[in-house]
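The structure appears below as structure tokens.
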Amino acid sequence: MDVEEATRRVLAAAEEQFYERGIQAVGMDTIRSRSGVSLKRLYQCFPSKDDLVATYLRRRDTRWRAELAEYVQAHADSAEKTVLAVFDWLGEWFHRPDFRGCAFVNSFGELGGVSPVVAEVARTHKQAVGEYLRHLVEPLGVSDPDGLAAQLAVLVEGAMVLAAVTGDLDAAARSRATAELLLVHSH
């Protein structure tokens, strides 16, 4: 097995296990057995668990934001509907059987205080999501696009946390209704 294939397998196993069980609960031996990659090859690909965690989170960031953007683009036919489509996508994501909340909030909660890499990747993800929301707000011509984007970010984060912690899978719909009010009152 070449390095590229080993890396792909290790990352797939890490994503599944870290997201489902938590980073601290999953050891490198579990990743090795789930991926079918020898321990020697695993450490050739990722010299430390921190390297693997950072790569897993960066990969998840890229995929998560791309999936969100693709959904929004496909399901919105106006500037206002692009903002609301964010919450529609969240609602669909919350109903997936493998939903365990936000991987970045989860990893930050586990390791953010002791792992500068995890803290940095989580902050970078949240900043990128905020910038995406700002990008969606820009065409609306509102008086305070930065403020509106920040308010929407709070609604996004709140919906994710409520869905994960309380099991309230309708949190996205309530956040969407609040976002509609914000859009009306921001003009």
Side-chain angles (χ1 to χ4, degrees), residues 1-75 82 85-136 149 152-153 156-157 159-161 163-165 172:
M1 173 183 323
D2 66 13
V3 172
E4 186 176 312
E5 176 64 13
T7 300
R8 188 190 64 70
R9 286 182 179 198
V10 167
L11 283 171
E15 178 142 8
E16 173 197 318
Q17 291 296 300
F18 290 159
Y19 185 63
E20 181 180 320
R21 297 176 49 208
I23 294 167
Q24 294 182 77
V26 177
M28 292 298 267
D29 194 52
T30 299
I31 300 299
R32 181 207 52 77
S33 69
R34 294 292 247 178
S35 67
V37 173
S38 72
L39 205 54
K40 181 179 178 182
R41 177 64 87 184
L42 190 156
Y43 281 109
Q44 287 173 340
C45 298
F46 300 97
S48 71
K49 187 174 179 182
D50 280 348
D51 292 327
L52 177 57
V53 168
T55 304
Y56 145 69
L57 287 170
R58 288 184 182 113
R59 178 179 177 222
R60 186 167 182 96
D61 167 62
T62 299
R63 195 185 70 253
W64 191 91
R65 289 187 301 113
E67 191 176 323
L68 170 62
E70 288 169 15
Y71 180 95
V72 167
Q73 186 175 11
H75 290 84
T82 61
V86 169
F87 298 96
D88 297 337
W89 181 81
L90 288 174
E92 288 188 12
W93 177 45
F94 297 169
H95 283 85
R96 293 179 191 168
D98 65 343
F99 174 73
R100 302 283 182 274
C102 174
F104 304 93
V105 169
N106 297 347
S107 64
F108 187 85
E110 272 193 89
L111 298 169
V114 295
S115 173
V117 171
V118 167
E120 180 267 325
V121 173
R123 285 185 189 111
T124 299
H125 169 76
K126 296 304 178 185
Q127 181 179 22
V129 171
E131 289 169 3
Y132 176 67
L133 293 170
R134 173 67 168 80
H135 165 77
L136 295 180
L152 293 169
V156 166
E157 291 302 316
M160 284 191 281
V161 170
V165 174

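Just so we're clear, the structure is a prediction, and the values are computed from it rather than from any experiment. Sequential numbering from 1 along the given sequence is applied to the chain's residues.
- Remark: Arg65 engages Asp61 in a salt bridge (Lys or Arg N to Asp or Glu O under 4.0 Å) (not counting sequence neighbours).
- By the side-chain contact (heavy atoms from CB on, under 4.5 Å) test, Ser38 pairs with Lys40, Arg41, sequence neighbours left out.
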*Taking it one step at a time, do Leu52 and Leu11 satisfy side-chain contact (heavy atoms from CB on, under 4.5 Å)?*
CA-CA 8 Å; Leu52 177 57; Leu11 283 171; 3.9 Å; yes
*Apply the test side-chain contact (heavy atoms from CB on, under 4.5 Å) to residues Val53 and Val117: give CA-CA distance (whole Å), side-chain angles for both, the deciding distance (0.1 Å), then the verdict.*
CA-CA 9 Å; Val53 168; Val117 171; over 6 Å; no
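- Remark: Arg9 pairs with Glu5 by the salt bridge (Lys or Arg N to Asp or Glu O under 4.0 Å) rule, at least two apart or across chains.
- With Ser35 contributing its side chain and Arg32 its backbone, the two residues share a donor-acceptor pair below 3.5 Å.
- Taking His135 as the reference, nothing meets the ring-ring contact (aromatic ring centres under 6.0 Å, His included) condition, with sequence neighbours excluded.
- By the salt bridge (Lys or Arg N to Asp or Glu O under 4.0 Å) test, Lys126 pairs with Glu157, sequence neighbours left out.
- Screening residues 93-107 for side-chain hydrogen bond (donor to acceptor under 3.5 Å, both in side chains) gives Glu67-Arg96 as the qualifying pairs, with residues at least two apart or on separate chains.
- By the salt bridge (Lys or Arg N to Asp or Glu O under 4.0 Å) test, Glu110 is found to be paired with no residue, residues two or more places apart in sequence or in another chain being considered.
- Partners of Tyr56 by ring-ring contact (aromatic ring centres under 6.0 Å, His included), not counting sequence neighbours, listed by chain and number: Phe18.
- Contact between Leu90 and Val156 at its shortest, heavy atoms only, is CD1-CG1, 3.9 Å.
- Ala172 and Phe94 get closest at one heavy-atom pair: CB-CE1, 3.6 Å.
- Side-chain contact between Val86 and Leu152: absent, with no pair of heavy atoms (C-beta onward) separated by less than 4.5 Å.
- Note that the CH2 atom of Trp64 and the CH2 atom of Trp89 stand 4.5 Å from one another [nearest 0.5 Å].
- The two residues Cys45 and Thr7 make their nearest non-hydrogen contact at SG-OG1, 3.3 Å.
- Asp88 and Tyr71 get closest at one heavy-atom pair: CB-OH, 3.6 Å.
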What side-chain donor-acceptor pairs closer than 3.5 Å can you find for residues 127-134, not counting sequence neighbours?
{"unit_1": "Arg134", "atom_1": "NE", "unit_2": "Asp146", "atom_2": "OD1", "d": "2.5"}
{"unit_1": "Arg134", "atom_1": "NH1", "unit_2": "Glu138", "atom_2": "OE1", "d": "2.0"}
{"unit_1": "Arg134", "atom_1": "NH2", "unit_2": "Glu138", "atom_2": "OE1", "d": "3.2"}

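- Pairs of residues two or more places apart, or lying in two chains, that qualify as salt bridge (charged side-chain N to carboxylate O under 4.0 Å, His left out) and include a residue from residues 114-123 are Arg58-Glu120.
- The minimum heavy-atom distance linking Gly101 with Ala164 is given by the pair CA-CB, 3.4 Å.
- Residue pairs meeting the side-chain hydrogen bond (donor to acceptor under 3.5 Å, both in side chains) criterion with at least one member in residues 16-28, sequence neighbours excluded: Glu16-Arg34, Gln17-Arg21.
- Evaluation of the side-chain contact (heavy atoms from CB on, under 4.5 Å) rule for Val114 yields Leu111 as partners, not counting sequence neighbours.
- A distance of 13.0 Å separates CG in Leu68 from CZ in Arg63, rounded to the nearest 0.5 Å.
- Here Phe104 contributes atom CZ and Met160 contributes atom CE; the two are 9.5 Å apart, rounded to the nearest 0.5 Å.
- Atom CD of Glu15 sits about 12.0 Å away from atom OG1 of Thr55, to the nearest 0.5 Å.
- To the nearest 0.5 angstrom, Lys49 atom NZ is 11.5 Å from Leu42 atom CG.
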